[in-house]
Amino acid sequence: MSTPPVSPTAPRLPGPPNLARATTRPRGGAVPGLRYRPAVPADPEKAAEIDRRLEAWARSLDLFPQSWTGDFAGFQCGRAVVLQHPGAISLDHLMAAGKLLLAENVVDDCYCEEVEGRGGAARGLGGRLVIAQSALDPYHGTPELEEEWRQGMEADGPLRSYHHALRDYRELATPSQSDRIVHDLARLHMGYLAEAAWSEIRHVPRVWEYLVMRQFNNFRPCLSIVDAVDGYELPAALYARSEIQRITALACNATTIVNDLYSFTKELASDPTHLNLPQVIAANERCGLKAAYLRAVEIHNRIMEAFEEESAVLAATSPLVARYAEGLAAWVSGNHEWHATNSHRYHLPNYW
Ligand SMILES: CC(C)=CCC/C(C)=C(\C)COP(=O)(O)OP(=O)(O)O
Ligand SMILES: [Mg+2]
């Protein structure tokens, strides 16, 4: 079988970046020109307490080997959730957010990410993810088969972490809030599958296609819990409205592009073909990575601007919507702060 000819207009990756130019940045530096709002500072004692409890939880379920403890500490899960949920009504509510965040990362690292060296691979990912989805969305059948399923859910750290994190979340969330996150995690899994499929066939998407994939492979499950963690519910009928869905998606997309900007150097250092927004822009526009990076910042800023403007208009219509929009904005700010200051995990390119 002959290889189909490559269209001269097909996006082409720019080739390995010169990572000598992409060394470390000053600690805590934000991407120059990035539109963001300062986060409510994290109380270090609260963050440390969440980390301590999360590590104990992870150990009790044997979620990952001892040798990954350094990475767990470097990830700063406790600081992340304290920054992202400044209105959390209790430590238990922060713990629920922390368990979900930890579980989402265990699944991503162990099932999806090949470069992490923790078992993740594009091949066979669909089968692993459908079983992972059932850790959130229980199997119903005969008692015998349900028992087999229950035992199956104990098979590995990713399944145990999803199963137990969601079980604990259900205790403090309403049924519709729990159902919401189950659906948002299914969307996330669809995004993981698209990313894996493109990587297997070395497909370089158009910029809009990449952003569609990234709207699914997205922080949305984390923002989907902002009302529950703050101790109230945005009712399902309101949440389902298209204008609420839009501000939710804009906030989630802004925050996920922030990840692309801060993780750009880490990702290209481990895999020069890894897709992130600057890389996809460079491939489509046949420009250098610095120009592409600046264009990605501009796209992010326009999405942030739309989120801020549209959520302000909606907030004026009801105090409950205003509270929800504030919760989204707080998550966006806290997540930006976490990315900008997590020098264990992220380094900016030294373009500036
Ligand atoms: C916490 C959560 C819901 C994660 C799911 C999606 C995800 C892993 C991200 C949005 C982060 O993106 P990425 O895979 O690029 O992660 P790193 O850049 O390696 O931190
Ligand atoms: Mg990334």
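Each ligand, and each atom within it, is numbered from 1 in the order the structure gives. We use all heavy atoms of the structure for the numbers below, so side chains are in, but hydrogens, waters and symmetry mates are not.
Residue Leu188 touches ligand 1 through its side chain alone, judged by heavy-atom distances below 4.0 Å. At a 4.0 Å heavy-atom cut-off, ligand 1 does not touch His189 at all. Here Arg220 has no heavy atoms under 4.0 Å from ligand 1, in either its backbone or its side chain.
Cluster annotation: Val107 is not connected to Phe219 through the hydrophobic network of ILVMFWY side chains, with a link wherever side-chain heavy atoms come within less than 4.5 Å.
Heavy-atom separations between Tyr262 and ligand 1 are all 4.0 Å or longer.
The atoms of ligand 1 that sit less than 4.0 Å from any heavy atom of Tyr192 are 5 (C), 6 (C). Residue contact check: Asp108 has heavy atoms under 4.0 Å from atoms 8 (C), 14 (O) of ligand 1. Near Arg345, with a cut-off below 4.0 Å to any heavy atom, the atoms of ligand 1 are 17 (P), 19 (O), 20 (O). Listed by atom number, the atoms of ligand 1 under 4.0 Å from Cys222 heavy atoms are 1 (C), 3 (C). Heavy-atom contacts of Glu113 reach the following atoms of ligand 1: 14 (O) (cutoff under 4.0 Å). Counting atoms of ligand 1 from 1 in the listed order, those under 4.0 Å from a heavy atom of Ser263 are 18 (O). Against a heavy-atom cut-off of under 4.0 Å, Leu101 is close to the following atoms of ligand 1: 1 (C).
Remark: Glu305 does not engage Arg302 in a salt bridge, criterion side-chain N to carboxylate O under 4.0 Å. Between Glu298 and Arg295 a salt bridge is recorded (basic side-chain N to carboxylate O distance below 4.0 Å). Salt bridge present: Arg180 and Asp227 bring a charged side-chain N and a carboxylate O closer than 4.0 Å. Under a 4.0 Å N-O distance rule, the pair Asp230/Arg323 does not qualify as a salt bridge.
Taking 2.8 Å as the criterion, Ser263 counts as a coordinating residue of the Mg ion (ligand 2), since one of its N, O or S atoms falls below it. Among the backbone and side-chain atoms of Asp260, no N/O/S atom is found under 2.8 Å from the Mg ion (ligand 2). For residue Asn276, no N/O/S atom approaches the Mg ion (ligand 2) to within less than 2.8 Å.
Formation of a donor-acceptor pair under 3.5 Å by the Tyr232 side chain with backbone atoms of Tyr324 is found in this model. Gln84 places no side-chain N or O within donor-acceptor distance of the main-chain N or O of Val226, the cut-off being under 3.5 Å.
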| query | Taking it one step at a time, do Phe264 and Leu289 satisfy side chain to side chain contact (heavy atoms under 4.5 Å, CB included)? | reply | CA-CA 10 Å; Phe264 167 81; Leu289 283 169; 4.0 Å; yes

| field | Worked check of side chain to side chain donor-acceptor pair (under 3.5 Å) between His336 and Ser333 | value | CA-CA 5 Å; His336 172 266; Ser333 298; over 6 Å; no

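Considering both main-chain and side-chain atoms, Thr256 never comes within under 3.5 Å of ligand 1 through any nitrogen or oxygen pair. Between Arg214 and ligand 1, an N or O atom pair is found at a separation short of 3.5 Å.
For the pair OE2 of Glu267 and OD1 of Asn259, the angle whose vertex sits at the Mg ion (ligand 2) is 170° to 10 degrees.
Exactly one residue among Tyr262, Phe75, Trp331 makes a ring pair (Phe, Tyr, Trp, His ring centres under 6.0 Å) with Trp338. That residue is Phe75.
The residue from His339, Lys266, Glu267 that puts a heavy atom closest to atom 19 (O) of ligand 1 is Lys266.
Side-chain rings of Tyr162 and His189 approach one another, their centers coming within less than 6.0 Å.
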